[in-house]
Structures are given as C-alpha cells and as structure tokens.
Amino acid sequence: MSPPASPPAAPPDYLARLNPEQRAAVETLDGPVLVLAGAGTGKTRVLTTRFAHLLVTRRAFPSQVLAVTFTNKAAREMKARVSAILGREVEGLWLGTFHALGARMLRRHAEHVGLKGNFTILDTDDQTRLLKQVMDASGVDLKRWPAPGLMAVVQRWKDRGLTPERVTPSEDSDYANGRARALYAQYQQRLRDLNAADFGDLLLHTTEILRTEPEVLAQYHRAFRYILVDEYQDTNLVQYLWLRLLAKGHGNICCVGDDDQSIYSWRGAEIENILRFEKDFPDAKVVRLERNYRSTRPILAAASGLIAHNAGRLGKTLRAGRDDAEGEKVRVVALWDSEEEARMVGERIEEAQRAGHPLSEVAILVRAGFQTRAFEERLITLGIPYRVVGGARFYERQEIRDALAYMRVLAQPSDDLAFERIVNVPKRGLGDSTIRALHELARIEKSSLAAAAERLALSPDGLRPRPRQALAELMRGFARWREQLPRDGHVVTVATLLDESGYTEMWKQDRSPEAPGRLENLKELLRALGEFESLAGFLDHVALVMENDEAAEGERVSLMTLHAAKGLEFDMVFLPGWEEGLFPSQRSLDEGGEKALEEERRLAYVGLTRARKLAVVSHAANRRVYGNWTASIPSRFIEELPDEHVAKEGGAAMERHRAATGAAGAFGSPFGLAAPRRPPTPRIYETGSWEVAERPARAERIAVGERVFHQKFGYGRVLAVEDDRLDIAFDKAGTRRVLDRFVEKA
DNA sequence: AGAATCTAAATTTTT
DNA sequence: TTTAGATTCT
C-alpha cells in the first residue's frame, strides 16, 4: 500500500514511452494544467500516466487524488491502466464519474440539504413521473405544457448550479405561464419528502454543501491534493463550480479535453469552461497534444480542413504522428436514395470482408438513432453480423425497471414511485380508482403509499373486497420478504419475491417473442445482484453504473450514433446521411443557430477522426422521412472538406439514374433537385380496391375450432365467429372476445 | 379494469 | 413509418 521507498533515478520506462508534449503534460504536477488533446493524440495515456506518476513520485497517496470522468467505462479503464503501470491493484481511490463521486459525497453530508444518507437515486423516468404529479397537483395543463419540457428546464437549472432559491425571477422560464420556478421548488420538496435525489441533485446538492458549509469544504481540501479531470470540454457549470471549489487552495488541477470534440451542449455542457480555463485558473500551463497516432494523412487533413470553419477555437492542428500515415483519400459518395446508400455500404463491407478485413474494424456512424435501421436491414439481408452500440440500455428495459422497483420497495417501503410502479404489475385488479384512494389516504395521513396500502388493506371499508384482498396479499408478501431478507440473504429473497409476487410468472405466460429474453435479463439481474454485499449497495450501483455490456467481442460491424462513437476508433468508417437537414440536423440549427452549426461540425469532425485508414462519407438525393419520400441536398460539410484529400464518386445507382434520364441529377444544378422525382414507390392502391390493399384477403380465414395465437393472451381455441369478432377459449387467459385481426393461426 | 382505437409527434443521451 | 399517450368502448 505504501509507495516505493524512493523515486527511481533514471526516468521510469512509463515516461520514456511518451513524446515530449505528453511528457510535459505528465510531469507538470503542480498548479493548474490544461491538456488540449486532439483526437488520437494519446489523451488517455497521458491521464493515466500522470495519475501513476503522482503515486510513484510519492506526491500523493491514492486516496489523495480525485480523478473524475464522465463515463463508468472511462473510470474503469483509468483504474485498470493505473494499476497496470504500477504493477499492483490500487485501492482507496476517489476515481469515478462526476455523478458517482457526487453521490458518495452527498451520502456523507445529506443532512445539510434535508436528506438522509440512504436516499434513493431516481432515474429519468421516475423524475418525469414525479414532476408530472407535481404539475398535475398545481393544476398545470399537461397538454399545453408537457412534463418533459419542464424537466428539461429544471435540468438546465441544475446543470447551472441553480437551486430554486438561486433562480432569479428574471431567469424564470415562461414554461407553464411563468410558474416554472415555483414548480421546481415544489418538485425539490417532493424529492426531499421521498428522501430521493435525481441525477442532477447529486452534483447540485453537493456543490451547494461545499458552497455553504466551510468545514465540509475544508475537509475535502485536506483530503485531496491533486485533481484530474477527463473530457473537460463536456463539463457543465455545476461540475465546473464543484471542481473549482475543490481545487481552491492548492490549485493542483489538471484538466484534459478537446474543444473541437465538445458535442454535448444540449445536455448542459459549456464549451466555455475549456475556452476560459486560463482565465479561471491564473498561471495555468497549457499543453497541446497534436501528434495523431491514429489516422492517415488524408483523413487528418480532411478533418482539420473541416473543423477550421469553426470560429472560437483554442486552435490546434493535428499532425500525423505515424510513419505509415500515407493512405487513401476520404471518399464522398453520391447516391440516388437512402436504399441505394444502404446497399452501397453493404457492398463495400462485403468487399472489405473478402479482402480479409475483420468486421470488428468496420463502423457505420449515423447522426440519429433511427438511421441505424436501414443499415441493420441491409446487413441482415447480406448475412453480415453487426451490433448496435447504445440504444436501449439494460436498466431501462421494462422488466429490469419493474424488478428494480420491487427491490426498492423491499429496501425502502417509503419509495412511493417504485411502489406505484409495481402495485399492479402483474395485474392484480388494482386500477386507477384504487391507486387514487391510496394517494388520498397517504396525503391525509402524511404517510407513504405503502403505509396507506397497509391501512386500506386491513380496514373493512374504503375499498371493494376484491382490490382489498389483492392489496392485502401484496402487503403480506412484502412483510414476508422483508422478514426473509436477513435470514436468507438478498439474492434468495429477491428471487423469492419475483416468484411469489407473480412477476416471473407474468413473463412466462407472455407469448410475445420478447418474453424469453426478458426472463433471461431477470436472471442476469440476479447474477449481478449476487456480486454485491447488500441490496442497498446494488441499487446504488444500478442507478449510477449499470450499462449494457453487450458482448463487444466477436467479428461484427459496429452501428452507432456519432455521439456514441466518441473515443472509439476503427480502420474503416462509414458516415452516411450527410445531407442538409439531417446532418447538420435542422432541429439543432433551429434551436441553436450558429453555435449549433459549429457543434454539428464538431460532430462531423469526431466522425472523421474515428477512422484509421478509410472514411466513406455518403449522401442520398432522396430519403424516406417518416414514411414520405423527401428530396435532399448534400450537407454543407461536404463542400467544407478540402478537395485535394477527397475522392468523389457518383455511386452506381446515381450514374445509372443520370444515364437513364440524361439529367445532371440532383448534384449538377445549384439548387439541387429541380423536381423531387420520387423513387419508384409500390402503388398497390391504384390497381386494387382499398379493401384489398388494406386488408390483404385474409388468406387465413379463421374458423371455429381452430388453434390461434394472440399477442396478449397467448394460445387458444376458437369457440365462435361473428363477423370480425371471435370468441376464443385461451389456454391461460380464459374465454374472451377479440377482433380477428389480432390473432393468427397457431 | 382492461382492451381497442385514435392521435400527434418524431435528435443526439457519457449519469 | 413507428410509437407512445390519451381517449373511448365493452
């Protein structure tokens, strides 16, 4: 545990492996340091080496370094690499995400903001539901002012370190007729009543405590001698305030980042934080890392040429740091429509595969999540394995959230949000009216919903017999499981809970194709639970850390958004959909104007710099948008790529189209398409009757006595047919009357 | 209480 | 086109 007796005389080999700039960044230990690390310049290596260097030179014990990242992945990686350099596991670190570290501090000092140390951390879904309740109670018209809108306003305030008291009336949003601030205050009060904190609170409360409790602040000043920050360009104001408070005094703060890769302003990140660093921290040393070890010269030149169109940069030019940096020009491929684009990408991937390139080195990076579908379909057709990175996270899945809600109620009966989620899942006949009665009693008695449920289940009046018994049964269950917990341990108890509550049975009965996967996920959840000492520890972990660890291994093409691709690299990168409106996104431009355009451009820069050897940009003249074919013109970013590093290709279909029409096509005339020619659309309606088209003659007319399958009710036998209504005796769900189009032959 | 039907809306999402 | 949410029907 103690550092080596003395620093080695010769530079240790971990330093010898660095270039001069990297080494300066590692060895400048005292005072504020800003490391401007361009894409592919060894940022992570600098950060981890610096951390290790602090320990090796005995400047600090592991517990005296505060190291902050944005993602759990980055935190894990840093820990692993520091351990690798030191040749041993390091323990007692304050290394983690802003939120995880915030939570850790807040648990120690929760009472300063009216919480208890065992507060629950709410996820986004809970947050919105709670806010909705608050708005509803205040008589806000939720149609006119949807809760997610106010949630965004509140989050932005929290991102800026503004408690309700700190929001000045002039800063009040006009959301909900200028009542936003008042609603925010009520929402915060509700959180306190529930002993809960949302993600934003983890930093907001912690910063507020550091601001107002000098002895707490002093405690941390004594504790941390050095601060390391990753991805500084993505910090928001409250994170900045938090860091500045903690760094006050010794000023030993080292921030690593790249202003050209700031792409999260819509989440409250303030690029100004990094632009202002030298003013905020006087006497700061700035180190620029510009030697890129990742990409070929043409890729770097194209990316540099593009990003040069942005104003207000700190200024940095990537230089090729590899000896073998020569390579192919960036391809820009013009295509007739989005289907052709997907085909082109598929074909080139097949070619690459035949040429022996591993699929794990190929990525398709899109602006928005929905764009992945077209490529998925194409890859499935071609039989090319792929994975979609990002997307639905493990803990956001319905069955996981339900199971977690059960666990939360088990651990904290007062967790109303969790209770409400599971009270009627599986269906227990406890509908709106029962829930309303629970809320009412809880309000009158100032108790939790669970406590109200106990009372209502026991009292003879207030509820009809059936719901009352169902409720009593559920509450008996919880009493039993809670008693079982210390005896059998959390894993066994939770397993029992999920079985006895009928939750697993619900999915076993479910005939939908996803059901088996959901049961699998529940098993996975239990496995994960087993890795923790206690239920509370696990719930904390889940709220802060749980992510989809979908097997990254294997020979698969990666499909993801540009945002998700930051920090990754691939030999071959496809960048489809570079069209005005899509990329840059019209929505962004409408909201953020010139600033937003620059952020979109940074996103393009991030995309290009993911490629080691080949980048293929493409755009289509026609694209289906929400089901309608729409004409589009190439993205302005394409013109901004320096010509000499780009090779333009027509694309096979585009050429064919030109040949067939004799037209210059979409990209010959200055204003794009003269007439938005629609790609051939299937026109089934013109020949057939509407009925035929709409309901393609039920080839499978269902007759009495047949076995059928229904999405909700599962398998059953038809008892009677009456026009389009069928009476069916379901195996599990009893006899019901359903519409014929909801069943199919079994 | 629960299913069927209608209706708007539609990025990016490290925690 | 797809999807979530609200509304209406049974």
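Below, chain A is the first sequence line, B the second, and so on; all start at residue 1.
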Under 4.0 Å, counting only non-hydrogen atoms across every strand here, what does [X] touch: a base, just sugar-phosphate, or nothing?
{"X": "E600(A)", "value": "nothing"}
{"X": "K566(A)", "value": "nothing"}
{"X": "D123(A)", "value": "nothing"}
{"X": "Y264(A)", "value": "base"}
{"X": "I121(A)", "value": "nothing"}
{"X": "G369(A)", "value": "sugar-phosphate"}
{"X": "S433(A)", "value": "sugar-phosphate"}

Could you check how far [atom1] of [X] sits from [atom2] of [N], rounded to whole Å?
{"X": "Q371(A)", "N": "dT11(B)", "atom1": "CD", "atom2": "C1'", "value": "9 Å"}
{"X": "N72(A)", "N": "dT15(B)", "atom1": "CG", "atom2": "C1'", "value": "7 Å"}
{"X": "D125(A)", "N": "dT13(B)", "atom1": "CG", "atom2": "C1'", "value": "14 Å"}
{"X": "D432(A)", "N": "dA3(B)", "atom1": "CG", "atom2": "P", "value": "14 Å"}
{"X": "I435(A)", "N": "dA1(B)", "atom1": "CD1", "atom2": "P", "value": "9 Å"}
{"X": "L603(A)", "N": "dT11(B)", "atom1": "CG", "atom2": "P", "value": "15 Å"}
{"X": "L582(A)", "N": "dT12(B)", "atom1": "CG", "atom2": "C1'", "value": "12 Å"}
{"X": "D230(A)", "N": "dT15(B)", "atom1": "CG", "atom2": "C1'", "value": "15 Å"}

* Asked: Using a distance-only test with no angle check, is there a side-chain donor-acceptor pair under 3.5 angstrom linking N236(A) and Y264(A)?
  ->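 No, because no side-chain N or O of N236(A) sits under 3.5 Å from a partner of the opposite role on Y264(A).
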
* Asked: Between Q133(A) and E420(A), does any side-chain donor sit less than 3.5 Å from a side-chain acceptor?
  ->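 Indeed, the side chains of Q133(A) and E420(A) share at least one donor-acceptor pair under 3.5 Å.
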
From [options], nucleotide with atom closest to [X] side chain:
{"X": "T561(A)", "options": "dG2(B), dT12(B), dT15(B)", "value": "dT12(B)"}
{"X": "W266(A)", "options": "dT12(B), dT15(B), dG2(B)", "value": "dT12(B)"}
{"X": "F199(A)", "options": "dT15(B), dT11(B), dG2(B)", "value": "dT15(B)"}

* With under 30° as parallel and over 60° as perpendicular, where do the rings of F532(A) and F538(A) fit, or are they tilted in between? ->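 Rings of F532(A) and F538(A): perpendicular, as their planes differ by over 60°.
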
* What orientation do F637(A) and F583(A) show, parallel under 30°, tilted 30 to 60°, or perpendicular over 60°? ->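 F637(A) and F583(A): perpendicular rings.
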
So, OP1 or OP2 of [N]: does either fall under 4.0 Å of a side-chain N or O from [X]?
{"X": "T124(A)", "N": "dT13(B)", "value": "no"}
{"X": "T434(A)", "N": "dA1(B)", "value": "yes"}
{"X": "N236(A)", "N": "dT15(B)", "value": "no"}

* To do: Could you say whether H563(A) or K427(A) is positioned toward the 5' end of DNA chain B, judged by the nucleotide with the nearest heavy atom to each?
  =>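 Nearest nucleotide further toward 5': that of K427(A).
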
* First of S585(A) and A269(A) reached from the 5' end of DNA chain B, by closest nucleotide ->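 Closer to the 5' end of DNA chain B: S585(A).
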
* To do: For N310(A), check side-chain hydrogen bond (donor to acceptor under 3.5 Å, both in side chains) against everything at least two apart and list the hits.
  =>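 Result, side-chain hydrogen bond (donor to acceptor under 3.5 Å, both in side chains) vs N310(A): R601(A).
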
* Ion pair R408(A)/D415(A), N-O distance below 4.0 Å ->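 The answer is yes: the pair qualifies as a salt bridge.
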
What N/O pairs connect the protein and nucleotides 1-8 of chain C at under 3.5 Å? Give each pair on its own line.
residue : atom : partner : partner atom : Å
dT7(C)  : OP1  : K143(A) : NZ           : 3.2

* Output yes when a side-chain donor or acceptor of R610(A) lies under 3.5 Å from a complementary backbone atom of V606(A), and no otherwise. =>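 Such a contact is found between R610(A) side chain and V606(A) backbone.
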
* Asked: Would R129(A) and D126(A) satisfy salt bridge (charged side-chain N to carboxylate O under 4.0 Å, His left out), going step by step from the backbone distance to the final call?
  -> CA-CA 5 Å; R129(A) 278 197 295 150; D126(A) 289 330; 2.9 Å; yes

